[in-house]
Amino acid sequence: MTGRFARATLVALLVALGFTVPAPASAATAGASCYGGAVTVHYGEVRDFGPYVTTGRCIDINMRMTGGDAEYVVACVKFEKTGVCNRWTHVGRSWTTIATDVLDGTRFTVPNGVDLEGSSATLQIAF
């Protein structure tokens, strides 16, 4: 039996037994649930944002600016296991990936990077 036929047969059997079969998540749905769990932070209030623990909502760690007068911030992800930043990334007003393919349950912080020299920034981190 091919994989596609076996899957179709299983779905038909479950529906016949009264079970509902959810549709696969679309990219838009996955993104909405990832960003829907974002935390809001204010640049400069603390040395490092976090610690946080990754969840099943997102595959990556994402960040964006939602307020303030800074043009951008520079961010990295410092994983607890290694204690070092992965790479410094410029983050503006669009969602930007600051770490990719991160396993669920990974502890991390997001250091405040460089001084904004009097500018302010409100940010969201989705993980």
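Positions are given from 1 along the sequence.
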Item checked: Residue Arg87 excluded, over 12 heavy atoms near CZ under 6.0 Å ->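 Yes, because the 6.0 Å sphere around CZ of Arg87 holds more than 12 heavy atoms from other groups.
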Note to self: Is it true that, when you exclude Phe79 itself, more than 12 heavy atoms of the residues, nucleotides or ligands shown sit nearer than 6.0 Å to its CZ?
What the structure shows: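 Buried by this count: over 12 neighbours within 6.0 Å.
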Looking at every non-hydrogen atom in both residues, tell me the closest pair between [X] and [Y] and how far apart they are.
| X | Y | answer |
| --- | --- | --- |
| Met65 | Val91 | SD-O, 3.7 Å |
| Ser94 | Arg64 | O-CB, 3.5 Å |
| Leu123 | Thr66 | N-OG1, 4.2 Å |
| Val110 | Ala75 | CG1-CB, 4.2 Å |
| Ala38 | Gln124 | CB-CB, 4.1 Å |
| Pro51 | Thr109 | CA-CG2, 3.8 Å |

How far does [atom1] of [X] sit from [atom2] of [Y], to the nearest 0.5 angstrom?
| X | Y | atom1 | atom2 | answer |
| --- | --- | --- | --- | --- |
| Leu103 | Ile59 | CG | CD1 | 11.0 Å |
| Glu71 | Arg93 | CD | CZ | 9.5 Å |
| Cys76 | Met63 | SG | CE | 9.5 Å |
| Ile125 | Tyr52 | CD1 | OH | 4.5 Å |
| Ile61 | Asn86 | CD1 | CG | 7.5 Å |
| Asp101 | Asp60 | CG | CG | 6.0 Å |

Check: Can Ile98 be reached from Val53 by stepping across I, L, V, M, F, W or Y side chains whose heavy atoms are under 4.5 Å apart?
Finding: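 No, because Val53 and Ile98 fall into different hydrophobic clusters, even though each may have its own neighbours under 4.5 Å.
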Next item on the list: Output yes when a side-chain donor or acceptor of Asp69 lies under 3.5 Å from a complementary backbone atom of Ser120, and no otherwise.
Entry: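 Yes; judged by distance alone, with no hydrogens or angles, the pair exists.
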Notebook entry, point to check: Between Asp104 and Thr54, do the side chains contain an N or O donor and an N or O acceptor separated by less than 3.5 Å?
Noted result: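 There is no such pair (donor and acceptor under 3.5 Å, judged by atom type) between the side chains of Asp104 and Thr54.
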Margin query: Does the plane of the ring in Phe127 sit parallel, tilted or perpendicular to the ring in Phe108? Use 30° and 60° as the thresholds.
Written below: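 The arrangement is perpendicular - the two ring planes meet at more than 60°.
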